[in-house]
Amino acid sequence: MTCQRSLSSILTIVLLSLPTNAYLFGDFDIAYCWETTNFNTSTEVQTRNPCDSSVTMAWIVEPPSTVEAGEKFSVSFVLTVNSSIHSPMTFGPVGQIPHTNIHRCPTDMGLCTPTYTVSTSSNLITETESQHGSFSSVTGSADLIEHITYVDMDIPVGTWTVVAHAVFGTFEGQVIVRDVAIGVTMTVGEEKGYLRSDVERFGVGVTGVTYIYIIVLSIMTLTSASIQRAADPILLGLQIIGGILFVTTTFFWTLYMTDFSCAAFPCFANIGFTLLCGPLFAKALAMNTFSTQHSPLLDTHNKAGSTKAKEKTLMYGVIAIALAVDTLLLSIWLSKYRPTGKPAELDAEYREECNNSSESKQIAAIVFTFQCVLLVAGGILSWTTSRKGYHRLELSRLRSTFVGIMISGLIVLIVEAAFDGDPELNFLIRAVGMCLATVFALYWVVQVWNEGNMLSRFAERRKYGNVATSSHAETENTSYIGSQGESKFGNIDPKSMEGFEEMFKSSIIRGYIFNFALKTLSTESVEFCDAVYRYKENPKINSARKIVDVFISNSGEKSVNISANIRNKTLKNLEEINKAIANKENDELIQKGLKALFNKSFNECRRLVYVNSWKEFQKSEHGATAAVWLDWLEHMDGHSDQENAWVVQDILTRAKKFKIDSKTAGLVGRIGNEGKSLNTGLFISSPSISKYSRRNSSTTGPSRRAVRKSRLGLPLEEMKQA
């Protein structure tokens, strides 16, 4: 018996090696039939031939020729038998077909036949789970019967011969078991899904850094008073959401595009870009439309509220329209002309493009053009808008933001056009460009935060007595309240009262604090302190009387908020000085009394400025602009007196072109020497400002008119003498 089985095995191998014209040798449309007689006996004999017309097998759903690893697919095949020639027998409970499945084996193993058993060739043939069943009649035929098999497959990487296999038996004087098979070759390549390449992983890293940047900006917004004052919370919130959506596009616009990612990336890219850059365009449009209202250094306060309301209405309306246009275009695009992913091609390294119909490409071009118009128009508007004074900081931030975004976009377009055949470089530059555009679009928040700390940083790094004190009699060793000694600003906290006192000596600081205080309608203390500073340069009785009439007297036009005790004592001291002058007493004592006349009232008013305005002023655009001036004036350090004289002369020449008058700016009118008004100066009062004072007396008289018409500032004559 052992000898008979050995002969049978040798015969089987010989038969398998015989050449034919079916799938084993390249003709994949023809099925093979193996007939086994004397089944499961010692005389078992197996023969192999292409199946005749009475037994056929065909693929209903053929395995794909190429797939990627991990990509599941389904196949099905049908076995058809002419029952008038072969009457199938039943194998107990498993039915007429006891076995049907899919085999696969590597193409380099040689012949791939379903009759190799797992036990003898487990390293060569892999089988799917076995199924069984029975035949059913073929519609429209009396003799033909069929059985259909469905199999889900997931094949590893390699080049395979995939064989459909079914078994049935007949009794034709003896039991004959027939194995029927048909095969096809297929290739399974390495999986090319997202994050399979280094450039995609690098893009994720860049995107992650951008997310952290946005989170930090959000925290800064919640904790920084300067950002909260400068930013509209709704517009900033939209920008932050837009930034998150826009950079998230890098997760969908990848080197491996699928149906989902092809539909997702237009939504994230376009909605994100509109939310990110729409507020910038709206701001540029509003600034351009209402540019005349903000041209002066000081806002026209009776119109400022309505102007801001109009600006907000315009900006919100523009953003709503932009989002509506985006939503409409995207809905048409994705509902009617939805882009889809391309099928896998093993000879292609990446699948970075989507299938787009001609209509889809047209809508994509319209959407892209709309976004470009939004960006370019905003940039043009920002550069054709003018601002003066501290308003220039806001405009400068807007301009730099547009420039950064446009440069990022241009670099991406140029690189993609120049290296169209390099998908890795295109993806990399696109991901980095989108992240950079987001950084630039939100960088104005960082600039606002930085500007809010400029004044403090300037004060911390510099002894203030060395800076910007040549504008009048203030020097590094001179105090405005009569005491002498070197300024020690560099050793004290600029946010403290001592730091404020040193900073407040600058006419630049006082001027911008005055402008800032206009918003609170409380400017008298700043004006009074400025008048005292000027008065201290050359104290005269007429100047003292005018200051008392305007600021100290209860009926004064700009009576300051000081205690009754200090007010009465100041009035009493002035009365005593008047008597001393009338009695022609000692001039030295009179001069000493004039110098000390306003010390207590000055200290009290300066304290009020510190309490009411200083903290917020440091974080405001007014404070940032003052810091810019002071920082610029630092350049005078380290130069010779002659070089500084050249600079002063140039400034004087330029100052003559400014055409300073009562319509362009101003602090209170200067109380000039001996009561004479000066016609040139840095600060100019105007009637439009006086009505915003906390107290506005209806009294009239020469002193009041003189105050309104005069100027407080640095006279050119004094600068020339210096």
Side-chain angles (χ1 to χ4, degrees), residues 210 214 231-232 234-250 252-253 264-291 310-334 360-385 394-414 416-417 430-431 433-445:
T210 309
I214 295 174
D232 182 289
I234 295 178
L235 297 184
L236 179 55
L238 290 177
Q239 271 202 285
I240 290 175
I241 295 173
I244 294 172
L245 294 176
F246 190 58
V247 297
T248 303
T249 306
T250 58
F252 300 104
W253 199 354
F265 95 82
C267 297
F268 280 88
N270 291 288
I271 297 297
F273 185 85
T274 299
L275 290 175
L276 182 65
C277 297
L280 299 175
F281 168 77
K283 184 64 177 177
L285 180 62
M287 292 181 74
N288 189 276
T289 303
F290 300 100
S291 60
K310 292 177 182 177
E311 284 186 352
K312 283 189 176 183
T313 301
L314 177 61
M315 290 189 292
Y316 294 164
V318 167
I319 295 172
I321 293 173
L323 284 174
V325 172
D326 246 350
T327 303
L328 177 62
L329 292 174
L330 286 173
S331 61
I332 296 174
W333 188 2
L334 299 180
S360 178
K361 292 178 180 179
Q362 291 173 1
I363 296 179
I366 294 173
V367 171
F368 179 75
T369 302
F370 174 72
Q371 304 291 7
C372 288
V373 169
L374 201 68
L375 180 61
V376 174
I380 294 174
L381 287 171
S382 69
W383 283 96
T384 55
T385 301
E394 182 180 21
L395 182 59
S396 177
R397 293 194 298 265
L398 191 63
R399 288 174 175 175
S400 61
T401 297
F402 275 113
V403 169
I405 297 173
M406 286 191 282
I407 289 177
S408 301
L410 283 174
I411 291 175
V412 172
L413 293 177
I414 292 172
E416 287 193 339
R430 184 171 62 238
M434 295 176 75
C435 291
L436 281 178
T438 302
V439 169
F440 283 122
L442 292 169
Y443 188 69
W444 66 268
V445 179

Problem set entry | Test side chain to side chain contact (heavy atoms under 4.5 Å, CB included) applied to Thr385 and Leu398, step by step | CA-CA 11 Å; Thr385 301; Leu398 191 63; over 6 Å; no
Between [Y] and [X], is there a side-chain heavy-atom distance shorter than 4.5 Å?
| X | Y | result |
| --- | --- | --- |
| Trp383 | Val403 | yes |
| Trp333 | Leu330 | yes |
| Leu375 | Phe281 | no |
| Pro266 | Val367 | no |
| Leu381 | Thr289 | no |
| Leu314 | Phe290 | yes |
| Val325 | Thr274 | no |
| Asp232 | Tyr316 | yes |

[atom1] of [X] to [atom2] of [Y]: how many Å apart, nearest 0.5 Å?
| X | Y | atom1 | atom2 | value |
| --- | --- | --- | --- | --- |
| Arg397 | Thr401 | CZ | OG1 | 8.5 Å |
| Leu280 | Arg399 | CG | CZ | 14.5 Å |
| Trp444 | Leu236 | CH2 | CG | 4.5 Å |
| Thr250 | Met434 | OG1 | CE | 6.5 Å |
| Thr438 | Phe273 | OG1 | CZ | 9.5 Å |
| Leu329 | Thr369 | CG | OG1 | 10.5 Å |

Least distance between heavy atoms, [X] atom then [Y] atom:
| X | Y | answer |
| --- | --- | --- |
| Leu436 | Ser408 | CB-OG, 3.7 Å |
| Gly272 | Leu245 | CA-CB, 3.8 Å |
| Ser382 | Ala284 | N-CB, 4.1 Å |
| Cys267 | Leu334 | SG-CD1, 3.2 Å |
| Ile319 | Ala282 | CG1-CB, 4.1 Å |
| Glu311 | Lys283 | OE1-NZ, 4.1 Å |

Problem set entry | Any donor-acceptor pair under 3.5 Å from Gln371 side chain to Asn270 backbone | yes
Exercise. Quick one: does Gln239's side chain have a donor or acceptor within less than 3.5 Å of a partner on Leu442's backbone?
Worked result: no
Exercise. Passes side chain to side chain contact (heavy atoms under 4.5 Å, CB included), Leu395 versus Met287? Steps please.
Worked result: CA-CA 8 Å; Leu395 182 59; Met287 292 181 74; 3.9 Å; yes
